[in-house]
K.L.:
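Below are the structure tokens for one structure; questions will follow.
Index from 1, following the sequence. Quick note: numbers below take in every heavy atom, side chains included, and nothing from hydrogens, waters or symmetry partners.
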Amino acid sequence: MAFKVLISDPLSEDGIQPLREAGNVEVDVNTSLSPDELAEIIGEYDALLVRSQTKVTRDIISQATNLKIIGRAGVGVDNIDLSAATEYGVIVVNAPDGNTNSAAEHTVAMLMSLARKIPQAYLALKNGKWDRKTHVGVELKGKTLGVIGMGRIGAEVAARAKGQRMNVIAYDPFLTKERADKLGVDFGSVEDVVVAADFITVHTPLIKETTHLLNKDAFSKMKEGVRIINCARGGIIDEEALYDAIQSGKVAGAALDVFEEEPATDHRLLELPEVIATPHLGASTVEAQENVAIDVSHDVVRYLTEGVAKNP
Ligand code: NAD
Ligand code: MLT
């Protein structure tokens with residue numbers, strides 16, 4: 001019997017070869033479905049593969065009468081209603097480490113661009129302005145980077161920041177002294193991190209405990225002129241509080257790859273010259289997209305044919 005797999009977000013063609021080569025899997029790629037259209041056809045499929053654009057809601061899952069597995073080609077599963085999936089007996093798998101390196105590199109690119117105002121200077125020069133006064137930056141060497149969330153990406157960012165001769169202080173509920181020592185970083189509470197840091201970067205999942213982790217209260221404890229980076233998830237930082245903290249001068253700049261609502265083409269944070277931004281590009285490299293698609297494709301084939309998955 002052939003299994004039917006629907007891919008509803010753009011995934012690397014090379015990465016989905018394991019599905020095409022499985023022999024007993026029929027693959028449909030349709031990346032322009034509205035939520036209603038997806039709900040209408042999902043009943044035909046045994047597996048659904050998504051990135052972050054498709055919102056796999058309770059409504060869609062409830063109509064997915066044949067669905068056995070949802071594969072997320074990436075880390076965050078916050079676009080999938082996990083309790084509905086559990087309730088309807090649908091397993092959810094992700095690709096936990098295929099994009100770690102790309103996301104860490106993007107974070108470092110944002111950190112350096114923020115420090116040296118490269119996007120603002122680029123924009124001015126493209127508009128014919130040779131302005132060297134406005135775009136004076138700050139050095140990273142000797143500054144303290146606060147890392148909140150020392151998982152795969154946070155740890156990679158910390159290692160790279162040390163290469164820039166920064167000091168690193170981290171918070172993660174699972175970070176032990178032994179691991180912090182091994183990584184060569186200081187560690188403390190969220191408050192210790194926000195008080196000590198010149199730059200703060202967040203690398204947690206978006207869950208109840210991390211929603212608005214950086215809020216008005218946290219901003220009030222930070223150093224004057226602190227700079228903020230979010231290449232993890234919109235919602236970890238309270239965007240209203242960030243806006244106010246930039247307007248008041250408390251925060252000197254922010255680099256954002258992610259937003260509470262995406263796409264964020266019309267966001268008031270984007271009106272501020274202190275804010276630099278990319279449209280959720282952390283994992284958008286050829287390598288990462290191939291890695292994550294390969295990982296979930298293998299897991300989907302494994303689960304459909306053998307009933308086991310590596311990354312549930
Ligand atoms: P990970 O699971 O390896 O690490 C997450 C870490 O956050 C864990 O160590 C965990 O202990 C920690 N954590 C959990 N609750 C916390 C809390 N309350 N306070 C502080 N830390 C807490 O995940 P990862 O691969 O490092 O990914 C981190 C984030 O980056 C996720 O939100 C993921 O979706 C996002 N991400 C974004 C992009 C992008 O394109 N911008 C790409 C990849 C990953
Ligand atoms: C992730 O959580 O892996 C990221 O959001 C990457 C993505 O799929 O764009």
K.L.:
Any side-chain heavy atom of I70 sitting closer than 4.5 Å to one from I61?
P.N.:
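Yes, their side chains come closer than 4.5 Å.
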
K.L.:
Should K223 and D198 count as an ion pair when the cut-off is N to O under 4.0 Å?
P.N.:
yes

K.L.:
When hydrophobic residues are tied together by side-chain contacts of less than 4.5 Å, even through go-betweens, does L33 share a cluster with I80?
P.N.:
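Same hydrophobic cluster.
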
K.L.:
I'd like to know if the side chain of K117 and the backbone of A115 have a donor-acceptor N/O pair within less than 3.5 Å.
P.N.:
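Not a single qualifying donor-acceptor pair exists.
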
K.L.:
Take a 6.0 Å sphere around CD of E37 and say whether it holds more than 12 heavy atoms from other residues, nucleotides or ligands.
P.N.:
yes

K.L.:
Please report the closest heavy-atom contact between G149 and H203, naming both atoms and the distance.
P.N.:
O-CB, 3.4 Å

K.L.:
What I want to check is whether the side chains of D257 and T278 have a donor and an acceptor closer together than 3.5 Å.
P.N.:
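Yes, because at least one side-chain N or O of D257 sits under 3.5 Å from a partner of the opposite role on T278.
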
K.L.:
CZ of R302: more than 12 outside heavy atoms within 6.0 angstrom?
P.N.:
yes

K.L.:
Would you call R233 and D78 a salt bridge, taking side-chain N to carboxylate O under 4.0 Å as the test?
P.N.:
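The answer is yes: the pair qualifies as a salt bridge.
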
K.L.:
Does the side chain to side chain contact (heavy atoms under 4.5 Å, CB included) test come out yes or no for L114 and M110, once each step is laid out?
P.N.:
CA-CA 6 Å; L114 185 63; M110 293 293 256; 6.0 Å; no

K.L.:
Looking at side-chain heavy atoms only, is the closest gap between N94 and V296 below 4.5 Å?
P.N.:
no

K.L.:
For residues K133 and D131, determine if any side-chain heavy atom of one lies less than 4.5 Å from a side-chain heavy atom of the other.
P.N.:
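With C-beta onward as the side chain, the pair touches.
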
K.L.:
Hey, does the side chain of T210 reach the backbone of L213 with a donor-acceptor pair shorter than 3.5 angstrom?
P.N.:
no

K.L.:
Considering non-hydrogen atoms only, spot the tightest contact between A197 and L145 and give its length.
P.N.:
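Where A197 meets L145 most closely, the heavy atoms are CB-C, 4.4 Å.
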
K.L.:
Rounded to the nearest 0.5 Å, what's the gap from OH on Y122 to CD1 on I276? Could you check?
P.N.:
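One finds 14.0 Å between OH of Y122 and CD1 of I276.
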
K.L.:
Any sub-3.5 Å donor-acceptor pair from D299's side-chain atoms to D295's backbone N or O?
P.N.:
no

K.L.:
Nearest 0.5 Å please: distance from the CD1 atom of I91 over to the CG atom of L82.
P.N.:
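One finds 11.5 Å between CD1 of I91 and CG of L82.
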
K.L.:
Within a 6.0 Å radius of atom CD on E21, are there more than 12 heavy atoms belonging to other residues, nucleotides or ligands?
P.N.:
yes

K.L.:
Mind checking whether L140 and M112 have side chains closer than 4.5 Å, heavy atoms only?
P.N.:
yes

K.L.:
In the structure I gave you, are the side-chain heavy atoms of L67 and L48 within less than 4.5 Å of one another anywhere?
P.N.:
yes

K.L.:
Side chains of L242 and V275, heavy atoms from C-beta outward: is any pair under 4.5 Å?
P.N.:
no

K.L.:
Please identify which of these residues, V29, L49, I41, meets the side-chain contact (heavy atoms from CB on, under 4.5 Å) condition with L6.
P.N.:
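When V29, L49, I41 are each tested with L6, the side-chain contact (heavy atoms from CB on, under 4.5 Å) holds only for I41.
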
K.L.:
Does this structure show an ion pair linking R20 with E13, if we count only N-O contacts that are shorter than 4.0 Å?
P.N.:
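Between E13 and R20 there is a salt bridge, with a charged N closer than 4.0 Å to a carboxylate O.
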
K.L.:
In terms of side-chain heavy atoms, does T54 have a donor or acceptor partner in S8 at a distance below 3.5 Å?
P.N.:
yes

K.L.:
Is the backbone N or O of H212 less than 3.5 Å from a side-chain atom of N215, with the two atoms forming a donor-acceptor pair by type?
P.N.:
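Yes, because the side chain of N215 sits within donor-acceptor range (under 3.5 Å) of the backbone of H212.
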
K.L.:
About how many Å separate CD of Q289 and CG of D14, when rounded to the nearest 0.5 Å?
P.N.:
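Between atom CG of D14 and atom CD of Q289 there are 12.0 Å.
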
K.L.:
Take a 6.0 Å sphere around CG of N127 and say whether it holds more than 12 heavy atoms from other residues, nucleotides or ligands.
P.N.:
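Buried by this count: over 12 neighbours within 6.0 Å.
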
K.L.:
Do I229 and V147 belong together in a cluster built from hydrophobic side chains that touch within less than 4.5 Å?
P.N.:
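Same cluster.
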
K.L.:
For S52 and R72, work out which heavy atoms get closest and say how close.
P.N.:
CB-NH2, 3.8 Å

K.L.:
Nearest heavy-atom pair of T31 and P10: which atoms, and what distance?
P.N.:
CG2-N, 3.5 Å

K.L.:
So, for L11 and A73, which heavy atoms are closest and what is the spacing to 0.1 Å?
P.N.:
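The answer is CD2-CB, 3.6 Å.
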
K.L.:
Taking atom types as modelled and ignoring hydrogens, do the side chains of D97 and T100 form a donor-acceptor contact shorter than 3.5 angstrom?
P.N.:
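No, no side-chain donor-acceptor contact under 3.5 Å.
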
K.L.:
Using a strict cut-off of less than 4.0 Å between a Lys/Arg side-chain nitrogen and an Asp/Glu carboxylate oxygen, indicate whether E156 and R152 qualify as a salt bridge.
P.N.:
no

K.L.:
Can you establish whether the number of heavy atoms outside Q17 located under 6.0 Å from its atom CD is more than 12?
P.N.:
yes

K.L.:
Examine distances only and state if a side-chain atom of K162 and a backbone atom of G184 form a donor-acceptor pair shorter than 3.5 Å.
P.N.:
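Present.
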
K.L.:
Do V50 and I7 share a hydrophobic cluster, counting only Ile, Leu, Val, Met, Phe, Trp and Tyr and linking them when any side-chain heavy atoms are less than 4.5 Å apart?
P.N.:
no

K.L.:
For N291 and E287, which I'm curious about, is there any donor-acceptor pair between the side chains at under 3.5 Å?
P.N.:
no

K.L.:
Examine I148 and I169 and state if one hydrophobic cluster contains both, with Ile, Leu, Val, Met, Phe, Trp and Tyr joined whenever side-chain heavy atoms are less than 4.5 Å apart.
P.N.:
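I148 clusters together with I169.
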
K.L.:
How long is the straight-line distance from OH of Y171 back to CE of M150, given to the nearest 0.5 Å?
P.N.:
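Taking CE in M150 and OH in Y171, the distance rounds to 13.5 Å.
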
K.L.:
Check the pair V25, V27 against side chain to side chain contact (heavy atoms under 4.5 Å, CB included), reporting the backbone distance first and the verdict last.
P.N.:
CA-CA 6 Å; V25 174; V27 183; 4.0 Å; yes

K.L.:
Should F3 and N24 count as side-chain neighbours, where that means a heavy-atom distance under 4.5 Å?
P.N.:
yes

K.L.:
Can the positive tip of K250 be found less than 6.0 Å from the middle of the six-membered ring of F219, inside 45° of the ring normal?
P.N.:
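Checked: cation-pi criterion not met.
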
K.L.:
Within a 6.0 Å radius of atom CZ on R116, are there more than 12 heavy atoms belonging to other residues, nucleotides or ligands?
P.N.:
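Atom CZ in R116 is not packed in, count stays at 12 or less.
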
K.L.:
Step through the shown structure and confirm whether more than 12 heavy atoms of other residues, nucleotides or ligands are within 6.0 Å of NZ on K55.
P.N.:
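Yes - once you tally the heavy atoms of other residues, nucleotides and ligands closer than 6.0 Å, there are more than 12.
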
K.L.:
Can E240 and R268 be said to form a side chain to side chain contact (heavy atoms under 4.5 Å, CB included), step by step?
P.N.:
CA-CA 9 Å; E240 289 300 310; R268 73 181 184 134; 2.8 Å; yes

K.L.:
Would you call D46 and K4 a salt bridge, taking side-chain N to carboxylate O under 4.0 Å as the test?
P.N.:
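Here D46 does not pair with K4 in a salt bridge, since their nearest N and O are not under 4.0 Å apart.
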
K.L.:
State, without any angle test, whether N99 and S102 hold a side-chain donor-acceptor pair at a distance under 3.5 Å.
P.N.:
no

K.L.:
Donor-acceptor check, side chain of S297 to backbone of L19, threshold 3.5 angstrom: yes or no?
P.N.:
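Side chain of S297 to backbone of L19: no pair is present.
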
K.L.:
Minimum heavy-atom separation for L270 to A277, with atom names?
P.N.:
CD2-CB, 3.6 Å

K.L.:
I need the F259 CZ to H280 NE2 distance, nearest 0.5 Å.
P.N.:
11.0 Å

K.L.:
Do E239 and H267 meet the criterion of a side-chain donor-acceptor pair at a distance under 3.5 Å?
P.N.:
yes

K.L.:
Between atom CE of M166 and atom CZ of F199, what is the distance when rounded to the nearest 0.5 Å?
P.N.:
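Going from CE on M166 over to CZ on F199, the span is 5.0 Å.
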
K.L.:
Do you see a donor-acceptor pair shorter than 3.5 Å between the side chains of D81 and S83?
P.N.:
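A pair is found: one side chain offers a donor N or O, the other an acceptor, under 3.5 Å apart.
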
K.L.:
Run the numbers on M222 and L214 for side chain to side chain contact (heavy atoms under 4.5 Å, CB included), then give the verdict.
P.N.:
CA-CA 10 Å; M222 291 176 195; L214 295 190; 4.1 Å; yes

K.L.:
Evaluate the side-chain proximity of K141 to Q164: yes if any heavy-atom separation is below 4.5 Å, no if none is.
P.N.:
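When only atoms from C-beta onward are counted, K141 and Q164 do not touch, as no gap falls below 4.5 Å.
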
K.L.:
Is it the case that S284 and R51 place a side-chain donor and acceptor less than 3.5 Å from each other?
P.N.:
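Yes, side-chain donor-acceptor contact under 3.5 Å.
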
K.L.:
Under 4.5 Å between side-chain heavy atoms, counting indirect links through other Ile/Leu/Val/Met/Phe/Trp/Tyr residues: same cluster for I200 and I237 or not?
P.N.:
yes

